[in-house]
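This report refers to the structure that appears directly beneath it.
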Amino acid sequence: MHQSPPSLGPSLGQSSQSLKHTSELAQDCSSGSPTPAARIPLDHFDPVGMMQLRRTLTSESQSADNKSAANSNTSASSPVELPSKGQRPPELRSSVGTPCDEPKFEPEFDFEQVLKDIVKRSGEEGIKTRELGVMFQDLRVVGTGAQVSFQPTMGSLFNPAAILRNISTIRNPPVRDILEGFEGVVTPGEMLLVLGRPGSGCSTFLKTIANHHGEYHAVEGEVCYDSFTPKEIEQRYRGDVTYCPEDDVHFPTLTVEETLSFAVKTRTPQGRFSNTSRQEFNDSVVDVLTRIFGLRHVKGTVIGNAAIHGASGGEKKRVSIAEALACRSLIGTWDSSTRGLDSSTALEFIRALRIATDVGRVTTLVSIYQAGEQLYDLFDKVCVIAEGKMIYFGPAKEAKQYFIEMGYEPLNRQTTADFLVSATDPNSRKIRLGYESTVPRTAAQMAANFKSSRLGHLNRQSIDDYRERYVNKPDRKKAYKISAGQEHARHAPKRSAYIVSVPMQLRAVMWRKMRIVNGDMTALAVQFGAQIFEAIIMGTVFLNLPDAASVYFSRGGILFFALFFGALFTMAEVPALFAQRPIVLRHQKAAMYFPFVEALAHMLVDIPITLIMQFVFCVTVYYLAGLQKTVTQFFTFYLVVFTMTTTMKAFFRAIGACFKTGSAAMSLAGAAVLVLSLYTGYVIPRPSIPGGLRWITYLNPLRYGFEAILVNEFHTLSGTCSTLVPQGPGYENVSLANQVCTIVGSQPGEVTVDGNLFMYLSYGYEYSNLWRNYGIICAFGLGFVVILLLVTEFNTSSSLNTAITLFKQGSRPPVLGNNANDEEKAAPIGLDPPNTDTTAANVSEKVNFETTDVFSWKHVQYTIPISRGESRRLLDDVSGYVEPGKLTVLMGETGAGKVRRCPMCKICAIE
């Protein structure tokens, strides 16, 4: 933990050392002295927007100077307010490394003086800043995983052998080393590049540094975040260390501005410059982030996904970076974030990370496959991993020479990153002449060679220096706690990792949920349409039921359908929960909000939507079927149906929250629907249910709802009997006093059947239980909500989507060792390349499909609507053709329109 005078903050500001360094660089520019190696300018993505922002800051700075001159008690001029922990707007720093290369500031803008004023005002207002580095030594990560997995079946659930095998696996899980012997240090302002082949352990290393230890069987060794242990970081400062997965996971119907605004709301510090509201703070940060990362033109564009047109891949990457900065994390780990991007967009992404690291003085770790030379030069350090072992950790500029001296030779025009990775691959590495007998070939040999090398000694020396300066220092730890405590809201616990209170989190999440619903009105319209369609279908089936005793059972059928359809419709909540769970998990790990707050906000926002939807449904069904047309009975019916629908939504959401996979949750939900429908009391009347199964009805909320709406309908009903017995030949002169209706509940000598008596004799229901049953329904709903909130808070993880080979139960699969041939995993180092003669022979024996058709297109234009009634043309006058038997390549930068285009020409460059 590096304590420094106040500045903007750990993610959008910098420490006093960096401010001093910037001032010195500015002086060097004026004197013409040489400058350090070039960094990335802040206006790289949006130079026009940054110039406008500088003019805005200049005018505000001058305005603040005038106020300062008028009032001696006022501190120096104040620019636009930005995230705290020592506030300093990043846009004031035009370049981290070479201010001389930047466009000249306007004459009235005193860059150095503004920085001094911000530091002075932050100190006067008592705003503290903090930084966080990470040190690890003798790091070992142990994972679980069986060599052979069997496909589970219904029979295997009850197979004694399978049960014993599962019990043995639970008691003694198979373990294996994923990482071993890692040691190093990454300080604030440094970027570490993690290189390795797929399956080498890069993702595990990043997750371990990000303090995601719960995914593994054991994490051994020493990991220090300055003076804090991983346990302390997890409990109190989880938001300061984040892990960003490969995929950009966001809500697809939120716009870029809404996504960033929500992140700022949940991480807005309490310690801000005076006279700055949370909304002003939010607007300022979002404006700065969108300008720095070139997102102004897509602020109103939805994020999108495979089904929704939205931001491009490169724009999504920059949104992820901006969101991480808005959360003001101090250590960020990025896992293969450039996969799927073209080289230019990947370079832009790393440049954006470079800006974030230099401006915010954060610690950044990135794993990349196939890093270009320009991209590689942006990193300070590099870590090379082979088979879970660290074979290099040190300066990026010295890595290539280290491997050359080890005995490997780079190929012609091979980039440095590819050369470092190829050294771990026996299929692609090239050994220098004269080193054939001495070069390390296995991962263990390479790791041992690095530890004994000069760079290995320097790495351990840097660890010792870091430990001496920052580890187990009570004063630095106390200063860090004070800085973190200043960020917490007044009603937020100081020892919590969340800096805003639960009510503030709830308001922010409810706002986001409403924006999600507003952005996906099509889905909401489909739900309304389905409700109305089903109501019309069932209402017309039971159209205008007569007040006759012969349709009593049919009248109960339409009531059962009205109740059961709302409960069945809520099963759609289960897949929706699993679709958003990765986002909620990521936000929970970033300490943005409690997971149970998301579930509670979802319920609260859904109440008015359900209220309107069920009103339309109930009105349609009620009056088409011709049920009792009194105001009291209709609204009682509507109230019970609405409450039951809300209760069943909580029920199915609680089921989904209890499982890690959607398939398991849907299986249980389907079985629950079957049981609930059978034991509601309509399909099998409660008196007819066997005594040993009657207890199920007490646990069935639908039973109480069905009884409530049935007694509500039949309480005032007196149906005319259409069939009296005895009648027919020989009984023509029988009087009414000697006849009786065939319907249950009829009385001798009466032509009508009382609805109350019919309910009591047929179902055992009584009108006096109406509001008692409604209270029980509310109790069920409250219980389901409590279960949902508890389970959501403690079961936010989801199962990993890892591709594995499953064998048939009872079969004898081959024994798979560590050197098994797995096409999805890299081969171990030191093994000879596999023989590819057979594969080549198989490839040559291809069936020759002949075709003479030529696919062509001409003047293709494609326009999509975007927000605020505007539209965007993705394809403009595109023409081309594809010839049979020839491979066509479609090229272009990210966002150019390749995914949405038709196949074009053989080689098409889109600008």
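Predicted, not measured: the structure shown is a model, and the values here were computed from it.
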Please round to the nearest 0.5 Å and tell me the distance separating atom [atom1] of [X] and atom [atom2] of [Y].
X: Cys224; Y: Met135; atom1: SG; atom2: CE; result: 4.0 Å
X: Arg581; Y: Leu577; atom1: CZ; atom2: CG; result: 7.0 Å
X: Phe651; Y: Met571; atom1: CZ; atom2: CE; result: 10.0 Å

Among Phe393, Phe182, Tyr466, ring pair (Phe, Tyr, Trp, His ring centres under 6.0 Å) partner for Phe136: Phe393
CD (Glu232) with more than 12 external heavy atoms under 6.0 Å: yes
Heavy atoms of other groups near Asn472 CG, more than 12 under 6.0 Å: no
Between [X] and [Y], is any pair of side-chain heavy atoms under 4.5 Å apart?
X: Val223; Y: Leu139; answer: yes
X: Met446; Y: Tyr392; answer: no
X: Pro575; Y: Met666; answer: yes
X: Asp240; Y: Ile233; answer: no
X: Val142; Y: Ile178; answer: no
X: Asp380; Y: Leu192; answer: no
X: Phe596; Y: Val502; answer: yes
X: Thr333; Y: Lys207; answer: no

Could you check whether [Y] and [X], counting side-chain N and O atoms only, form a donor-acceptor pair closer than 3.5 Å?
X: Ser312; Y: Glu315; result: yes
X: Arg238; Y: Tyr498; result: yes
X: Gln137; Y: Arg460; result: no
X: Ser320; Y: His250; result: yes
X: Asp335; Y: Ser367; result: yes
X: Glu258; Y: Ser261; result: no

Residue pair Leu179, Arg140: steps toward the side chain to side chain contact (heavy atoms under 4.5 Å, CB included) verdict: CA-CA 5 Å; Leu179 300 180; Arg140 176 172 176 256; over 6 Å; no
His587 and Phe251 aromatic ring geometry - parallel, tilted or perpendicular at 30°/60° bounds: tilted
Parallel, tilted or perpendicular: ring planes of His212 versus Tyr243, cut at 30 and 60 degrees: perpendicular
Verdict with supporting geometry, Lys589 and Thr242, side chain to side chain contact (heavy atoms under 4.5 Å, CB included): CA-CA 7 Å; Lys589 290 184 178 295; Thr242 59; over 6 Å; no
Pair [X] + [Y]: basic N to acidic O under 4.0 Å:
X: Arg318; Y: Asp248; value: no
X: Glu573; Y: Arg653; value: yes
X: Arg586; Y: Glu323; value: yes
X: Glu190; Y: Arg361; value: no

Polar side-chain atom of Arg328 near backbone of Val264 as donor-acceptor pair, under 3.5 Å: no
Aromatic centroids of Tyr470 and Phe228 separated by under 6.0 Å: no
Side chain to side chain donor-acceptor pair (under 3.5 Å) involving Tyr237 - partner list, sequence neighbours excluded: none
Side chain to side chain donor-acceptor pair (under 3.5 Å) assessment of Ser422 paired with Asp425: CA-CA 5 Å; Ser422 67; Asp425 185 2; over 6 Å; no
Derivation of the side chain to side chain contact (heavy atoms under 4.5 Å, CB included) call for Leu330 and Thr363: CA-CA 6 Å; Leu330 302 178; Thr363 305; over 6 Å; no
Step-by-step side chain to side chain contact (heavy atoms under 4.5 Å, CB included) determination, Ile368 to Phe379: CA-CA 12 Å; Ile368 298 178; Phe379 288 89; 4.0 Å; yes
Intermediate values then yes/no, side chain to side chain donor-acceptor pair (under 3.5 Å), Gln588 and Glu598: CA-CA 10 Å; Gln588 183 260 345; Glu598 162 66 29; over 6 Å; no
